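Scroll down for the structure; my scribbles are underneath it.
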Amino acid sequence: MNNDQTPPVSNFIRNIVMRDRETGKHDKIITRFPPEPNGHLHIGHAKSICLNFGIAAEFGGATNLRFDDTNPLKESDDFAQAILNDVRWLGFEWTELRHASDYFQQLYDFAVHLIRNGKAYVDSQDAEAMRSRRGTLKDPGTDSPYRDRSVEENLDLFERMKNGGFADGEHVLRARIDMASANMNLRDPAIYRIRRVTHHRTGDAWNIYPMYDWAHGISDAIEGITHSLCTLEFEDHRPLYDWFLENIPATCHPQQIEFARGNLDFTVMSKRKLRQLVEEGHVSDWDDPRMPTIAGLRRRGYTARSIRTFWKEAGVSKAESIIPMGVLENAIRNDMNENAPRVMAVLDPIKVVLTNYPEGESEWLQAPSHPQNPEMGHRSVPLSREIWIERADFMEDPPRKFFRLRPGGEVRLRNAFIIKCNDIIKDSDGSVTEIHCEFDPDSRSGLPGAARKVKGTIHWVSAEHGINAEVRLYDRLFNVANPLADKEKDYLEFLNPDSLSVVSSAIVEPTVAQGQPGDFFQFERVGYFTIDQDSKDAARPILNRTVSLRDSWAKINR
RNA sequence: UGGGACGUGGCCAAGGUGGUUAAGGCACGGGGUUUUGAUCCCCGCAUUCGCAGGUUCGAGUCCUGCCGUCCCAGCCA
């Protein structure tokens with residue numbers, strides 16, 4: 001499950017858990033990951049997943065996956081299935097799969113218990129009235145006129161709410177706490193509302209549904225969760241979490257601990273905004289490779305391991321942060337550098353003719369799949385008289401320190417021969433259409449003559465054997481680090497119009513055409529690429545650029 | 001004086017009960033290796049922990065005050 005080799009990183013939650021084991025407060029640690037099935041998981045959720053599953057796994061505990069399915073208006077089984085799939089893909093297996101809806105009856109019974117003890121009442125104000133009586137951040141609220149209904153009346157009303165005797169919004173069950181509390185959450189929070197809609201799991205069995213605060217802590221207690229980890233915005237809810245558990249006959253009292261969400265720059269991370277990007281067509285779907293969703297990252301070519309490593313390196317604290325995208329990119333580069341087979345592909349081709357190479361002939365060269373790892377083996381790469389090289393690898397009038405091909409200059413063809421540029425052919429506009437070179441037969445890779453030093457090595461693909469491919473180049477979704485920072489402008493105004501560019505005439509070596517969707521490669525000197533799920537035809541593979549290689553040459557030229 | 005929280009180098013972040021050289025990663029700068037200007041390997045990178053006082057032989061760790069940032073007024077989660 002948590003198969004990443006490096007030792008665990010210290011953080012305040014892990015410290016609490018360790019202390020709780022040392023002191024004997026708990027001998028088994030039980031955590032839970034509680035998504036609401038109303039959207040897809042994103043990289044931020046992955047932080048919570050890694051934390052919850054990671055902590056439990058490290059200390060020999062258990063982690064439940066529990067759907068917080070208390071709002072049937074927004075939830076669906078499709079989302080639930082996608083979430084399950086994403087969690088598994090990330091490399092985690094839950095101990096038990098639960099649903100808050102599994103506990104609807106118990107939740108209801110506990111609510112009755114509260115009513116019996118005078119700790120809850122049915123309020124018949126409408127939402128507007130409730131809001132106006134709630135007070136403000138600085139001023140206390142005022143009691144509802146229904147606050148002192150008798151237990152019998154409350155019991156009766158609540159039961160009739162459950163049985164469908166009222167329309168949505170007619171009544172609500174509220175905890176009877178303190179309308180003057182400085183903590184807004186304690187000003188008689190609603191715990192049940194009427195919603196006569198079909199729930200994706202319980203169907204039409206219920207006409208009332210519990211609110212998050214009521215359902216969450218009790219569900220934790222029912223499952224014997226020891227540490228209930230959530231994000232910072234629930235800090236204010238903790239007194240309520242505790243109040244509920246103190247006022248029902250709960251068998252245990254989990255400890256809620258809050259940590260900061262992890263944000264990334266150049267993207268947005270709220271489900272609402274991600275949904276908007278999808279629904280308004282700014283991206284193709286939830287799994288668009290530019291999306292920070294798990295599905296998007298997966299399709300982009302990110303591995304589960306790289307995402308786990310990323311969050312491990314980012315750490316867990318209570319300080320809100322925005323992590324540079326480069327850190328995530330670094331994680332996938334490290335992973336792919338180690339595991340991606342090397343291959344050659346030319347994205348922006350220009351033709352080179354090897355003038356002393358016999359016409360009509362070709363040969364297959366052996367090239368290592370990984371320069372540092374012989375265990376990854378070799379592949380065969382065809383060479384013939386005409387080859388494609390990257391347009392950017394030739395300059396007629398190059399600047400200083402340009403190590404690539406130039407008129408009269410020599411360069412090594414990766415895994416093949418050293419070539420020398422003797423001539424260039426131009427069209428009527430004066431742009432180069434063809435480069436004539438002669439190759440040095442003695443410099444063939446593996447031969448002693450190959451030891452000759454030449455400054456540059458470039459990649460290439462045989463024109464005769466190369467396969468035409470579509471390559472999708474992705475860039476950041478937004479062109480500012482924090483699209484939400486500007487209060488004057490809508491974040492959509494910062495969408496990067498160049499976040500996707502399609503290269504329709506890339507040429508890849510034959511090896512690539514044998515791959516399946518999900519397979520990844522390093523295009524040497526270019527970047528890491530993954531075969532997209534749209535790729536159906538071996539004669540024309542479709543690849544996504546996961547991330548480019550580091551490019552210090554580009555950096556110098558900036 | 002509504003309440004709750006946070007503030008360690010450009011970005012994350014470690015720093016139980018104060019003890020003395022402030023981890024690590026990313027980024028950055030310099031050097032080396034290299035048939036990927038990739039990788040890899042060295043070296044450098046906070047006399048200082050939001051600021052100001054105080055307690056102490058000794059404080060990032062304790063106290064006081066101030067400043068800055070975030071969250072809370074859903075019958076959302």
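Predicted model, so just to flag it, every value in this text is computed and none were measured.
When Watson-Crick and G-U wobble pairs are counted only if both distances are under 3.5 Å, B:G2 pairs with B:C72. In this structure, B:G44 and B:C28 make a Watson-Crick or G-U wobble pair, each of the two defining distances being under 3.5 angstrom. The partner of B:A77 cannot be assigned: no Watson-Crick or G-U wobble pair with both contacts below 3.5 Å exists in any strand. If you check B:U39 for Watson-Crick or wobble pairing at under 3.5 angstrom, you find it has no partner at all. In this structure, B:G53 and B:C63 make a Watson-Crick or G-U wobble pair, each of the two defining distances being under 3.5 angstrom. Nucleotide B:G9 forms a pair with no other nucleotide shown, judged by Watson-Crick or G-U wobble geometry with both contacts under 3.5 Å.
Closest to the side chain of A:N330, out of B:U36, B:A27, B:A5, is B:A27. Checked against B:G37, B:A5, B:A77, the side chain of A:T70 finds its nearest nucleotide in B:A77. Each of B:A13, B:G37, B:U36 was ranked by its minimum atom distance to the side chain of A:S321; first place goes to B:A13. Here the nucleotide nearest the side chain of A:K555, chosen from B:C28, B:C11, B:A77, is B:C28. The side chain of A:K138 sits closest to B:G2 out of B:U36, B:G7, B:G2.
An OP1 or OP2 oxygen of B:A13 is reached within less than 4.0 angstrom by a side-chain nitrogen or oxygen of A:S317. Under 4.0 angstrom from either OP1 or OP2 of B:A38 there lies at least one side-chain N or O belonging to A:S552. Of the side-chain N and O atoms in A:R193, one or more sit less than 4.0 angstrom from OP1 or OP2 of B:C76. Note on A:R195: a side-chain N or O is less than 4.0 Å away from OP1 or OP2 of B:C76. Close to B:A73, at under 4.0 Å from its OP1 or OP2, lies no side-chain N or O of A:R133. The side chain of A:R131 places an N or O atom within less than 4.0 Å of a non-bridging phosphate oxygen (OP1 or OP2) of B:G74. In this structure, A:S10 reaches the B:G15 phosphate: one of its side-chain N or O atoms is under 4.0 Å from OP1 or OP2. At least one side-chain nitrogen or oxygen of A:N15 sits closer than 4.0 Å to the OP1 or OP2 atom of B:G15. Considering only side-chain N and O atoms, A:R134 lies under 4.0 angstrom from the phosphate OP1 or OP2 of B:C75. Phosphate proximity of B:G37 to A:R525: present, with a side-chain N or O under 4.0 Å from OP1 or OP2.
Each of A:N337 and A:A182 was assigned the nucleotide of RNA chain B with the nearest heavy atom; the assignment lying further toward the 5' end belongs to A:A182. Residues A:V327 and A:K453 each lie close to RNA chain B; by heavy-atom proximity, the contact nearer the 5' end of the strand is made by A:V327.
Protein atom CD of A:Q372 is 9 Å distant from nucleotide atom P of B:U36, rounded to whole Å. Separating the CG atom of A:N263 from the C1' atom of B:C6 is a distance of 14 Å, rounded to the nearest angstrom. Rounded to an integer number of Å, the gap from A:R174 CZ to B:C75 P is 8 Å. The distance between atom CE of A:M130 and atom C1' of B:A73, rounded to the nearest whole Å, is 11 Å. For A:N71 and B:C76, the CG to P distance is 6 Å, given to the nearest whole Å. Between A:W460 atom CH2 and B:U36 atom P the separation is 15 Å, expressed in whole Å. A:I323 places its CD1 atom 17 Å from the P atom of B:G10, with the value rounded to the nearest Å.
Of the P atoms belonging to B:U47 and B:G60, the separation is 13 Å, rounded to the nearest Å. Between B:G37 and B:C45, the distance separating the two P atoms is 30 Å to the nearest Å. B:U1 and B:C62 are spaced 27 Å apart, taking the P atom of each and rounding to whole Å. Here the separation of B:A13 from B:A46, taken at their C1' atoms, is 14 Å to the nearest Å. Using atom C1' as the reference point in both B:C70 and B:U55, the two lie 32 Å apart (nearest Å). Comparing the P positions of B:U48 and B:U39 gives an interatomic distance of 34 Å, to the nearest angstrom. If you take atom C1' in B:G19 and the same atom in B:G7, they sit 25 Å apart, rounded to whole Å. Taking atom P on both B:G50 and B:C11, the two are 14 Å apart, rounded to the nearest angstrom.
Interface remark: the A:D236 side chain does form a donor-acceptor pair with the B:G3 base, using a distance-only criterion of under 3.5 Å. Put simply, the side chain of A:E320 and the base of B:U69 share no donor and acceptor less than 3.5 Å apart.
A salt bridge between A:K318 and A:E235 is present, with a side-chain N of the basic residue lying under 4.0 Å from a carboxylate O of the acidic one.
B:G19: glycosidic angle beyond 90° from 0, hence anti.
In this structure, CG on A:N185 lies 12.5 Å from CG on A:D178, to the nearest 0.5 angstrom.
Of the candidates A:K455, A:R452, A:K453, A:R452 is the only one forming a side-chain hydrogen bond (donor to acceptor under 3.5 Å, both in side chains) with A:E410.
Using a 4.0 Å heavy-atom cutoff across all strands shown, A:K401 reaches at least one base atom of the nucleic acid.
Judged by distance alone, with hydrogens and angles left aside, the side-chain atoms of A:N38 form no donor-acceptor pair with the main-chain N or O of A:E75 at under 3.5 Å.
Taking a centre distance below 5.5 Å and an interplanar angle below 30 degrees as the stacking criterion, A:Y212 does not stack against the six-membered base ring of B:A77.
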